[in-house]
Amino acid sequence: MEPIVAIVLVLIGYALGSAKLINEGNEALVERLGRYHRKLKPGLNFIVPLVDSIVMEDTTREQILDIKPQKVITKDNVYLEVDGVVNWRIMSMEKSFYKIDDIQISLANLATVELRANIADRTLTETISSRNEMNKSLLEILNQVSSEWGVEIIRVDIQSITPPESVQKSMAEQQAAVIRKQAAITTAEGEQQAAIKRAEATKESIRILSDAINSKPDTREILKYLVAQEQVEANQRLGASTNAKIVFLNSGLSEGALDQMVGDTVATEGNGNTSEKGSV
């Protein structure tokens with residue numbers, strides 16, 4: 001019985017030693033006598049004890065690599081602090097283990113070097129305004145290299161670009177100047193349009209008044225009344241102000257000016273009518 005028990009125990013130990021459970025989302029590499037043998041998929045797998053050994057088990061899910069803040073210099077010699085993240089995943093477990101020593105350190109160094117080189121080719125303004133373009137450029141460059149390591153770069157995101165405090169202050173002042181300039185232009189354009197509208201309204205009022213005077217002679221007396229009423233209201237408004245000086249207009253002069261204006265208008269219209277009749 002003892003030999004049988006020993007055999008059973010050996011078989012149990014062999015089974016336990018050969019059984020390897022790989023979690024979902026992971027893969028493992030097996031070497032046999034020091035050479036690559038095969039890859040283990042998720043689930044229950046069996047290897048040969050003492051002959052086979054698992055040299056690597058890693059996830060094939062998407063991973064995030066944090067690029068720590070880096071001091072970089074732009075094309076126009078402005079120092080910036082830039083950081084970002086890289087989303088990546090292992091596509092070939094064999095390449096990621098045998099082609100490169102430490103995949104995460106290698107990716108971090110590669111991303112840092114390419115980020116510095118990308119910003120060095122741009123000015124400060126170009127760097128700030130073309131973040132999406134830099135993300136796409138870095139994604140393409142990193143994938144060209146990382147594909148040899150069995151890694152796919154999914155996304156590159158430059159999270160922040162921080163200029164020095166003095167540069168930030170200058171940029172804020174420049175932006176404020178641009179806003180003030182645009183506001184001044186908008187105000188000037190609005191005043192110009194308002195002046196044009198007022199001139200057009202005055203022109204239209206004179207035309208209507210001229211037509212009314214020519215069509216109805218008694219309109220002249222109504223006009224005189226309206227002018228006199230306006231003078232009275234103006235005097236009342238001036239009198240209501242504590243700092244205003246009251247100036248009474250000479251009604252005779254006002255009527256004379258009104259008569260002259262009306263007369264000129266009538267004369268102009270009359271000359272026009274005479275010309276028209278003469279031409280007929």
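All values below come from the heavy atoms of this structure, side chains included, with hydrogens, waters and symmetry mates left out.
In this structure a side-chain-to-backbone donor-acceptor pair under 3.5 Å is present from T59 to G25. Put simply, the side chain of R131 gets close to the backbone of Q159: a donor and an acceptor are under 3.5 Å apart. Using modelled atom types, no side-chain atom of N118 and backbone atom of E114 make a donor-acceptor pair closer than 3.5 Å. N135 places no side-chain N or O within 3.5 Å of a backbone atom of R155 that could act as its donor or acceptor partner. Although no hydrogens or angles enter the test, the distance criterion places a donor-acceptor pair under 3.5 Å between the side chain of S130 and the main chain of E126. A distance-only check finds no donor-acceptor pair linking the side chain of D66 to the backbone of I64 [under 3.5 Å].
Y36 contributes atom OH, which lies 10.0 Å from atom CE of M93 (distance to the nearest 0.5 angstrom). Separation of atoms CZ (R32) and CG (D52) is listed at 4.0 Å; rounding is to 0.5 Å. Interatomic distance, CD1 of I54 versus CD1 of I47, reported as 5.0 Å (0.5 Å rounding). Distance NZ/K68 to CD/E81: 13.0 Å, rounded to 0.5 Å. In this structure, L139 CG and I154 CD1 are separated by 9.5 Å, a value rounded to the nearest 0.5 Å. Separation of atoms CD1 (I90) and CD (Q63) is listed at 5.5 Å; rounding is to 0.5 Å.
When side chains are defined from C-beta on, K41 does not count as touching I22, because their heavy atoms never get closer than 4.5 Å. Inter-residue side-chain proximity for V51 and L33 is flagged as met; some heavy-atom pair is nearer than 4.5 Å. Here the side chains of V30 and N45 are not in contact, with every heavy-atom distance at 4.5 Å or above. Contact check for I100 versus L107: no side-chain heavy atoms found under the 4.5 Å cut-off. Counting only heavy atoms from C-beta outward, the side chains of E152 and N143 approach each other to under 4.5 Å. The shortest distance between side-chain heavy atoms of E57 and K20 does not fall below 4.5 Å. Side chains of I67 and D83 form no contact here, defined as non-hydrogen atoms less than 4.5 Å apart. Looking only at side-chain heavy atoms (C-beta outward), Q70 and L80 stay at 4.5 Å or farther from each other.
Residues V85 and V82 do not share a hydrophobic cluster, defined by chaining ILVMFWY side chains whose heavy atoms lie under 4.5 Å apart. Hydrophobic clustering, with ILVMFWY side chains joined whenever heavy atoms are under 4.5 angstrom apart, groups L65 together with V145. In the hydrophobic clustering of this structure, V113 does not group with I141; members are Ile, Leu, Val, Met, Phe, Trp, Tyr whose side-chain heavy atoms approach within less than 4.5 Å, directly or through other members.
Taking all atoms of both residues into account, the shortest heavy-atom contact from E62 to N87 is OE2-ND2, 2.7 Å. Minimum interatomic distance between N23 and P42 (heavy atoms only, all atoms of both residues): O-CB, 3.6 Å. The two atoms that bring S146 and I153 nearest to each other are OG-CG1, 3.4 Å, heavy atoms only. Contact detail for E31 and Y98: the closest heavy-atom pair is OE2-OH, 2.8 Å. Across D76 and L124, no two heavy atoms sit closer than the pair OD1-N, 3.1 Å. Here the shortest heavy-atom pairing between K95 and E148 reads CD-O, 4.0 Å.
Summarising the local packing, CG of D102 is surrounded by more than 12 heavy atoms from other residues, nucleotides or ligands at distances under 6.0 Å. The local environment of CD in E24 is sparse, with at most 12 non-hydrogen atoms from other residues, nucleotides or ligands closer than 6.0 Å. Within a 6.0 Å radius of CD1 in I196, more than 12 heavy atoms belonging to other residues, nucleotides or ligands are found.
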When you look at T74 and I119, which way does the side chain to side chain contact (heavy atoms under 4.5 Å, CB included) test go after all the steps? CA-CA 6 Å; T74 64; I119 293 179; 3.9 Å; yes
Residue pair M56, S96: steps toward the side chain to side chain contact (heavy atoms under 4.5 Å, CB included) verdict: CA-CA 10 Å; M56 176 188 181; S96 68; 3.8 Å; yes
For L142 and W88, what are the C-alpha separation, side-chain angles and deciding distance, and is it a side chain to side chain contact (heavy atoms under 4.5 Å, CB included)? CA-CA 10 Å; L142 293 180; W88 63 285; over 6 Å; no
Worked verdict on R116 versus I73 for side chain to side chain contact (heavy atoms under 4.5 Å, CB included): CA-CA 8 Å; R116 290 175 180 272; I73 184 171; over 6 Å; no
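Under 4.0 Å is where a charged nitrogen must lie from a carboxylate oxygen, and between E94 and K39 at least one such pair does.
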